[in-house]
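Below you'll find the structure, written out as structure tokens, and then a few comments.
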Amino acid sequence: MSSTHYRTCNLCEAMCGLEVEIDGTEVKSIRGDVADAFSHGHICPKATALKDLYDDPDRLKQPVRKVGSGWEPISWDEAFDLAVGRLHAVQEENGRGAVGLYFGNPNAHNFGTLVYGPAFFRALGTKNRFSASSCDQWPLMLASYFMYGHQLLFPVPDVDRTDYMMLIGANPLASNGSIMSAPGIKKRLEAIGKRGGKVVVVDPRRSETAQIADEHVFIQPGTDALFLLGMLHEVCSSSVDLGRLKPHVKNLDRLLEIAKAYPPETSEAITGVPAATVKRLAREMQSAATAVAYGRMGACTQEFGGLNMWLVNALNAVTGNLDEPGGWMFATPAIDSLQKIGGFGLGRGSYGRWRSRVRGLPEFGGELPSSVMAEEILTEGEGQIRAMVILAGNPILSTPNGGRLDEAFESLDFTLAIDFFINETSRHADLILPPVSPIQRSHYDLALNLVAVRNTANYSAPPFPTAENELDDWEILSELTCRLAAKRHGKLSKEYLLARAAQKAGPERVLDVGLRLGPYGKRFSPLGTGLSLGKLKKEPHGVDLGPLQSCFPERIPEAHGAIDLAPELFVEDLDRLRARFAAEVSATPEGKLLLIGRRHLRSNNSWMHNSQRLMKGKTRCTVMIHPDDAERLGVKAGDDVTLSSRVGEVTAPAEITGDMMPGVVSLPHGFGHGREGVQLGVATNHPGVSVNDLTDDQLIDELSGNAAFSGVPVTVKAAEQIAAAE
Ligand SMILES: Nc1nc2c(c(=O)[nH]1)N[C@H]1C(S)=C(S)[C@@H](COP(=O)(O)OP(=O)(O)OC[C@H]3O[C@@H](n4cnc5c(=O)[nH]c(N)nc54)[C@H](O)[C@@H]3O)O[C@H]1N2
Ligand SMILES: Nc1nc2c(c(=O)[nH]1)N[C@H]1C(S)=C(S)[C@@H](COP(=O)(O)OP(=O)(O)OC[C@H]3O[C@@H](n4cnc5c(=O)[nH]c(N)nc54)[C@H](O)[C@@H]3O)O[C@H]1N2
Ligand code: SF4
Ligand SMILES: [Mo]
């Protein structure tokens with residue numbers, strides 16, 4: 001007999017409510033939950049692929065150990081002993097830093113790993129920690145850390161109430177929004193126009209979002225900082241309105257001084273955005289009743305990502321839109337990770353407490369940039385990484401210069417992957433520990449509610465009990481932590497006993513305490529209206545907690561003081577910007593085109609390509625190129641073109657489109673499944689090539705250490721011509 005189960009989709013940031021038909025342990029169907037407090041029935045095609053993921057015959061259900069060139073299933077007990085034995089041995093011999101750790105994107109959608117990850121990291125005690133964040137939103141977090149005093153004070157565009165929204169380097173129609181959890185974003189953006197407002201997209205490609213916007217502005221990849229300085233110049237030279245936050249900011253004078261130096265006329269030849277357009281956009285933003293400039297992936301993952309994120313924040317502040325309805329706001333989640341509860345709570349962040357061994361790049365928030373991973377593995381000497389733990393990540397396809405990382409992983413003494421697939425990265429592992437499929441576990445969005453456009457709370461219970469032999473990520477992590485503690489300190493040690501006690505408590509306990517003590521919690525309404533886990537369990541469609549609320553200055557950590565409109569570190573980075581564009585009128589080196597990426601609604605980074613339902617149709621791993629460039633290079637639609645960069649070369653079919661800015665080519669990330677040893681039946685039939693075999697580990701935003709995926713100079717040639725010449 002089938003039953004209906006309600007849960008939140010874990011695949012992207014939109015947190016859509018799902019209605020899942022279950023029969024025993026069989027998933028029959030997945031639809032949008034029209035009663036969901038946040039998504040009201042919206043879903044995208046990926047939601048139904050959660051069933052494919054659950055049913056996937058390639059998904060591992062038991063630990064496997066590498067034997068020769070194959071794999072052998074082993075018991076959990078053996079697997080845990082093997083993992084802990086090897087990690088401990090490597091660290092005993094070479095020091096704690098000899099084990100590196102990479103934390104991938106799906107962890108942001110998994111409260112079990114968010115709760116149990118930190119104890120495992122502490123137990124490993126390595127300073128060689130990496131994550132997908134340094135290939136993503138580090139610049140934004142760095143700006144929040146230095147401007148507002150907390151790396152997790154993520155500003156969110158108040159899309160539902162704004163009159164004017166400028167999207168810089170974001171394509172929510174494909175991504176469904178990022179650092180902007182907003183299910184049904186298309187409707188939300190369209191509603192801005194319907195209430196008399198305007199949407200502007202600044203992007204080197206006329207993206208899906210640009211196509212529904214009121215205006216699209218082409219920009220040369222990697223030059224957004226100059227565009228934003230031009231905007232700031234225009235706004236600041238007429239009037240600055242800090243509104244009620246005026247007494248709580250510092251360094252406004254410094255910001256004004258900087259803005260003065262960048263009239264848009266001085267940068268139009270570099271950015272490709274005419275000065276007259278910048279002036280008009282600045283006037284529009286300034287005169288709109290409410291407005292927000294929102295910068296995301298495309299603006300973060302470039303050489304000046306840090307500057308961009310500072311300038312976006314500053315622009316919102318000087319137009320009076322910081323922390324105001326319709327502007328650049330902050331969520332107040334039901335479990336507030338910023339809140340200190342009895343001394344616990346996530347730290348404000350840190351910067352530069354240590355540096356990477358080889359390149360000397362600073363730590364941020366306890367992590368080093370993923371771009372240094374390969375060199376830290378390959379460069380011999382004291383402190384070299386000899387073993388890696390990969391937790392829900394696929395860095396071979398998702399970090400720059402994946403080819404070099406491939407080589408690096410080959411050289412390791414031991415690799416542990418916590419993943420349910422044998423993919424491009426985990427094929428290097430000596431041992432893979434597979435968690436249950438996401439649809440099988442309980443779910444609460446601990447991280448994404450911090451970046452949502454509306455405050456809601458929703459808990460999903462597991463749809464059916466998991467089988468005896470199946471473990472969730474948090475169980476894997478906590479068992480590793482316990483056994484590591486036992487090995488190092490013995491079974492009577494404080495470390496071991498605490499780890500066992502934490503394991504016994506389970507992550508739901510943390511949810512309950514977090515909800516009760518949170519801003520809508522039971523402790524504020526003892527008569528029972530406040531939130532607790534028990535209360536949320538009775539609300540399968542979640543609860544609505546209302547629109548975003550202004551929260552400054554209260555939410556700024558006391559230790560930080562005022563909002564810093566021009567932090568020193570960022571101001572100093574302007575020298576690098578000046579030097580970079582001093583000699584060049586064009587951002588593009590002679591004879592090259594600039595490479596950017598793109599997302600597709602039916603992809604999810606590198607790991608949902610094993611669903612037939614999502615992969616059917618035309619090949620998506622194409623090189624988008626402007627007709628003028630194609631003609632000049634003698635490339636016709638569908639021809640194979642070869643792109644080469646400093647680090648590598650890939651060949652993919654051309655897709656000629658006037659949606660590209662001339663001089664710019666685009667290739668999506670997350671493909672490249674043709675590597676030997678990948679065991680993904682569907683994905684390997686649609687292998688594509690990896691854009692990160694072209695992106696460069698040496699090309700980073702030097703301020704934040706974030707990878708610079710946008711604006712990589714590449715040579716483009718028709719593959720046929722290369723073959724003929726050889
Ligand atoms: N060129 C270029 N590169 C990019 C980007 C780009 O736009 N362009 N985008 C970047 C961004 S924004 C990101 S976030 C990163 C993503 O980078 P990663 O996080 O490294 O990569 P994913 O593709 O998300 O891979 C996730 C892995 O986790 C596994 N997995 C999925 N769910 C679970 C789970 O519940 N538990 C466990 N244990 N494993 C799970 C999957 O099988 C897969 O192996 O890529 C970055 N790389
Ligand atoms: N379907 C799907 N959804 C996803 C993901 C996925 O892989 N597939 N990944 C998820 C993840 S991890 C993330 S972080 C989010 C990201 O979500 P978004 O931040 O919306 O990122 P993208 O969709 O990559 O859009 C980035 C845009 O920036 C543009 N761009 C590139 N370079 C530049 C530049 O130099 N300047 C400017 N102004 N624009 C530039 C690109 O053309 C592109 O349109 O999406 C999430 N959602
Ligand atoms: S938009 Fe995102 S959260 Fe919603 S159904 Fe699609 S993948 Fe899931
Ligand atoms: Mo991301």
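All ligand and atom numbering here is 1-based and tracks the order in the structure.
Numbered from 1 in the order shown, with element, the atoms of ligand 2 that lie under 4.0 Å from a heavy atom of A174 read 1 (N), 2 (C), 3 (N). Taking every non-hydrogen atom of N176 and a distance limit under 4.0 Å, the qualifying atoms of ligand 3 come out as 1 (S). Within the listing of ligand 2, atoms 1 (N), 2 (C) sit less than 4.0 angstrom from a heavy atom of K46. Near R296, the atoms of ligand 2 lying under 4.0 angstrom from a non-hydrogen atom of the residue are 14 (S), 19 (O). For ligand 2 and N605, the ligand atoms under 4.0 Å from any heavy atom of the residue are 6 (C), 7 (O), 9 (N), 12 (S). Residue H600 has at least one heavy-atom neighbour below 4.0 Å for each of these atoms of ligand 2: 1 (N), 2 (C), 8 (N). Contact atoms of ligand 2 toward S178: 13 (C), 14 (S), 15 (C), 16 (C), 17 (O), 19 (O) (distance under 4.0 Å to a heavy atom of the residue). If you number the atoms of ligand 2 from 1 as listed, the ones under 4.0 Å from a heavy atom of Q302 come out as 34 (C), 35 (O), 36 (N). Close approach of ligand 2 to I168 is summarised as follows: ligand atoms under 4.0 Å from at least one heavy atom of the residue are 38 (N).
Look at D136 and you'll find a heavy atom under 4.0 Å from some atom of ligand 2. Residue contacts with ligand 2: G222 is included, with a non-hydrogen atom under 4.0 Å away. Ligand 1 has at least one atom lying under 4.0 Å from a heavy atom of Y102. Residue contact annotation: P435 has a non-hydrogen atom under 4.0 Å from ligand 1.
The nearest N, O or S atom of C12 is not closer to atom 4 (Fe) of ligand 3 than 2.8 Å.
Contacts between N423 and ligand 1, counted as non-hydrogen atom pairs separated by less than 4.0 Å, involve the side chain only. With a heavy-atom cut-off of 4.0 Å, M15 touches ligand 3 through its backbone alone.
The CG atom of L450 lies 10.5 Å from the CG atom of D445; values are rounded to the nearest 0.5 Å.
Distances between N or O atoms of S606 and those of ligand 1 include at least one value under 3.5 Å. Every N/O-N/O distance between L397 and ligand 1 stays at or above 3.5 Å.
Comparing G104, G298, S398 against atom 47 (N) of ligand 1, the shortest heavy-atom distance belongs to S398. Of the listed residues (R205, Q137, R599), the one carrying the non-hydrogen atom nearest atom 5 (C) of ligand 2 is R599.
For atom 24 (O) of ligand 1, the closest non-hydrogen atom of the protein is W607 CD1, 3.5 Å. What sits closest to atom 37 (C) of ligand 1 on the protein, heavy atoms only, is A392 CB, 3.5 Å. In terms of protein heavy-atom proximity, atom 1 (N) of ligand 1 is closest to N692 OD1, 2.8 Å. Considering only non-hydrogen protein atoms, atom 36 (N) of ligand 1 sits nearest to D473 OD2, 2.8 Å. Protein heavy atom nearest atom 35 (O) of ligand 1, with residue, atom name and distance: R441 NH2, 2.6 Å. For atom 42 (O) of ligand 1, the closest non-hydrogen atom of the protein is D419 OD1, 2.8 Å. Considering only non-hydrogen protein atoms, atom 19 (O) of ligand 1 sits nearest to N105 N, 2.6 Å. Residue, atom and distance of the protein heavy atom nearest to atom 32 (N) of ligand 1 are F420 CZ, 3.3 Å.
Less than 6.0 angstrom separates the ring centroid of H609 from the ring centroid of H673.
Ring orientation note: the planes of W474 and Y116 are tilted relative to one another, at an angle of 30° to 60°.
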